[in-house]
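Structure first, commentary second.
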Amino acid sequence: SSGINAEYGSYQFEEHEVILSMKVVPLKVDGKGLVPYLVVGTGYLLGEDVAVKGRVLVFEVLRAAFEFEKQLNKPKFSMVHALPIKGLASVVAGLAGYLLTCVGPKVIVYHFSSGKELVGAAFYDAQIYIVSVTIAKTWI
């Protein structure tokens with residue numbers, strides 16, 4: 001059945017990798033304007049004797065072919081970029097067409113202009129570990 005709990009696709013994460021943050025974020029892409037992407041921040045839980053790492057995954061939301069039986073147009077997704085990071089991606093959010101991520105006490109803003117690769121645009125080192133962010137227009 002189509003509804004809020006319907007499955008629209010799947011992705012196999014790596015061993016010990018868990019989702020820490022996930023959001024649909026409109027990102028600026030040259031020639032296309034704002035395009036919605038599903039962005040997932042992950043981390044690897046390997047124990048306290050191993051350095052932490054994670055990834056920021058960017059999935060493009062696609063529309064599947066029309067299904068005559070159910071008369072639905074289900075969205076599908078495909079991964080367009082995976083950015084390995086040194087730390088856990090505790091927050092992902094949109095900031096005026098840019099992608100904001102928090103990795104421990106560091107806030108990093110990425111640009112996705114090509115639609116294929118995240119490029120660092122700005123950063124801020126906070127004094128505390130960041131687990132949530134509120135954005136109002138261009139204020140963090």
When Val92, Leu95, Leu100, Leu83 are each screened for side chain to side chain contact (heavy atoms under 4.5 Å, CB included) with Tyr110, the one that passes is Leu83
Nearest heavy-atom approach of Ala126 to Ile130 is CB-CD1, 3.9 Å
> Does any non-hydrogen side-chain atom of Val35 lie less than 4.5 Å from one of Leu27?
Replying inline: no
CE of Met79 to NE2 of His81, rounded to nearest 0.5 Å, is 9.5 Å
request  = Identify whether Val25 and Val103 are in the same connected component of the hydrophobic contact network (ILVMFWY, side-chain heavy atoms under 4.5 Å).
outcome  = yes
Ser21 and Ala89 have their tightest heavy-atom pair at OG-O, 3.1 Å
* Asked: Are the side chains of Arg55 and Ile85 in touch, meaning some heavy atoms are under 4.5 Å apart?
  -> no
Exercise for the section: Evaluate the ring planes of His111 and Tyr98, with Trp represented by its six-membered ring, and classify them as parallel (under 30°), tilted (30 to 60°) or perpendicular (over 60°). Expected result: tilted
When rounded to the nearest 0.5 Å, the distance separating CG of Leu57 from CG of Leu118 is 10.0 Å
For the residue pair Leu38 and Met22, establish whether any side-chain heavy-atom pair is separated by less than 4.5 Å. yes
*Can you label the angle between the Phe59 ring and the Phe77 ring as parallel, tilted or perpendicular, going by 30° and 60°?*
perpendicular
Exercise for review: Might you confirm whether atom CZ of Phe123 has over 12 heavy atoms from other residues, nucleotides or ligands at distances under 6.0 Å?
Suggested key: no
Do other residues, nucleotides or ligands put more than 12 heavy atoms under 6.0 Å from Glu15 CD?
no
Interatomic distance, CG@Leu99 vs OH@Tyr37, rounded to 0.5 Å, equals 11.5 Å
Nearest heavy-atom contact between Cys102 and Val107 is SG-CG2, 4.0 Å
Hydrophobic clusters here meaning ILVMFWY residues chained together by side-chain heavy-atom distances under 4.5 Å, can you tell me if Tyr129 and Leu20 are in one? yes
Path from Val39 to Val80 over hydrophobic side-chain contacts below 4.5 Å: yes
Q. Going only through I, L, V, M, F, W and Y residues with side-chain contacts under 4.5 Å, is there a path from Leu88 to Val18?
A. yes
Worksheet item: Ile140 versus Tyr124: any side-chain heavy-atom pair under 4.5 Å?
Response: no
CG of Leu46 to CD of Glu17, rounded to nearest 0.5 Å, is 10.0 Å
**Message:** For Val131, is there any backbone N or O sitting under 3.5 Å from a side-chain donor or acceptor partner on Ser90?
**Reply:** no
Residues passing the salt bridge (Lys or Arg N to Asp or Glu O under 4.0 Å) test with Lys23, sequence neighbours excluded, are none
